[in-house]
Amino acid sequence: MAQLAVHCRDLVKTYDTGDQKVMALRGVDLDIHTGRLMMLVGPSGCGKTTLISVIAGILDQDAGLCQVFGEDLLHLRQKERLRFRAENIGFVFQAYNLLPTLTAVENAAIPLIINGFKRPEATRRAAAMLARVGLGERLGSLPAQLSGGQQQRVAIARALVHNPRLIVCDEPTSALDHDTGHKVMELLKTVALDERKALIIVTHDARIFEFADSIAHMDDGHIITLEDRHA
Ligand code: ADP
Ligand code: MG
């Protein structure tokens, strides 16, 4: 049975840089059900990263409601919010955000360590996930020793390794060639998607639209259309 994974109503977010106010979200409504892969598309600067950051509890909205699996992250205490995020959410950052002094396998193991796994078990699981993204031979490499596409796959492994219920990816195939991009999307669909999970992918990459169950088109802080690919 599909559950509501994400429920946003009238989300508003303004960045105030002192001399300038930028209204990045101007009243976003969005529902995402489990078992679904939703892509979020739209021109640069329209608010995509801001929206998924609010959904993932990385950024607080100014107004409006955002619930993830029924939980309102804005009103959780810091400790509970961190625990909820660590257990339930996997996030692939646009700039990968790998820790430069940790190896690929150490980076990929971070969510497991945070969730209390002992190092040997965390390492074993992280290595298995890196093998699934095609990096089984590069476990001991530092980020600087990996190509952009390889770093992106370490970031994807890190987002999936703890088996989260909500996976949020910001441009996960932007640094990948066509074949690797397809492999990563197939992996995301098989590893990351079952009836209890949901997947949100921000992308410019028309080559991967075929993997979407729905596509939300965003412009100037609004979701302007929601296209159901199975309708
Ligand atoms: P997208 O991911 O669609 O390119 P963003 O959500 O990153 O868009 O940005 C939406 C708007 O908010 C843009 O105008 C951007 O310049 C602005 N913005 C994003 N982050 C910040 C920030 N930290 N401080 C000030 N303005 C920001
Ligand atoms: Mg962005």
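Everything numeric in this text was worked out from a predicted model, so none of it was measured. We're numbering straight along the sequence, starting at 1. Indexing begins at 1, ligand by ligand and atom by atom, following the structure's order.
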Closest protein heavy atom to atom 8 (O) of ligand 1, given as residue, atom name and distance to 0.1 Å: Gly47 N, 3.2 Å
Backbone of Asp170 reached by a side-chain donor or acceptor of Gln94 within 3.5 Å: no
Heavy-atom neighbours of Glu210 CD exceed 12 at 6.0 Å: yes
Quiz item: cation-pi between Arg125 and Phe117, 6.0 Å / 45°: no
Student check: side-chain heavy atoms of Leu40 and Ile223 closer than 4.5 Å: yes
Minimum side-chain heavy-atom gap Leu199-Phe211 below 4.5 Å: no
Atom 14 (O) of ligand 1: nearest protein contact (heavy atom, Å): Val22 CG1, 3.5 Å
Heavy-atom nearest option to atom 5 (P) of ligand 1, drawn from Thr50, Leu59, Val41, Leu51: Thr50
Check: Val28 and Met218 side chains under 4.5 Å, non-hydrogen atoms: yes
Closest protein heavy atom (residue, atom, distance) for atom 10 (C) of ligand 1: Gly45 O, 3.3 Å
Short N-O contact, Arg124 and Glu121, less than 4.0 angstrom: yes
Heavy atom of Gly42, distance to ligand 1 below 4.0 Å: no
Contacts of type side-chain hydrogen bond (donor to acceptor under 3.5 Å, both in side chains), residue Asp16, not counting sequence neighbours: Lys21
Protein contact of atom 7 (O) of ligand 1 - nearest heavy atom, named by residue and atom, plus distance: Thr49 CB, 3.7 Å
Residue part near ligand 1, for Thr17, under 4.0 Å between non-hydrogen atoms: side chain
Option nearest atom 3 (O) of ligand 1 (shortest heavy-atom distance, choices Lys48, Met23, Lys21, Gln20): Lys48
Closest protein heavy atom to atom 27 (C) of ligand 1, given as residue, atom name and distance to 0.1 Å: Tyr15 CD1, 3.3 Å
N, O or S from Ser44 under 2.8 Å to the Mg ion (ligand 2): no
Atoms of ligand 1, numbered as shown, that sit under 4.0 Å from any heavy atom of Ala24: 10 (C), 11 (C), 12 (O)
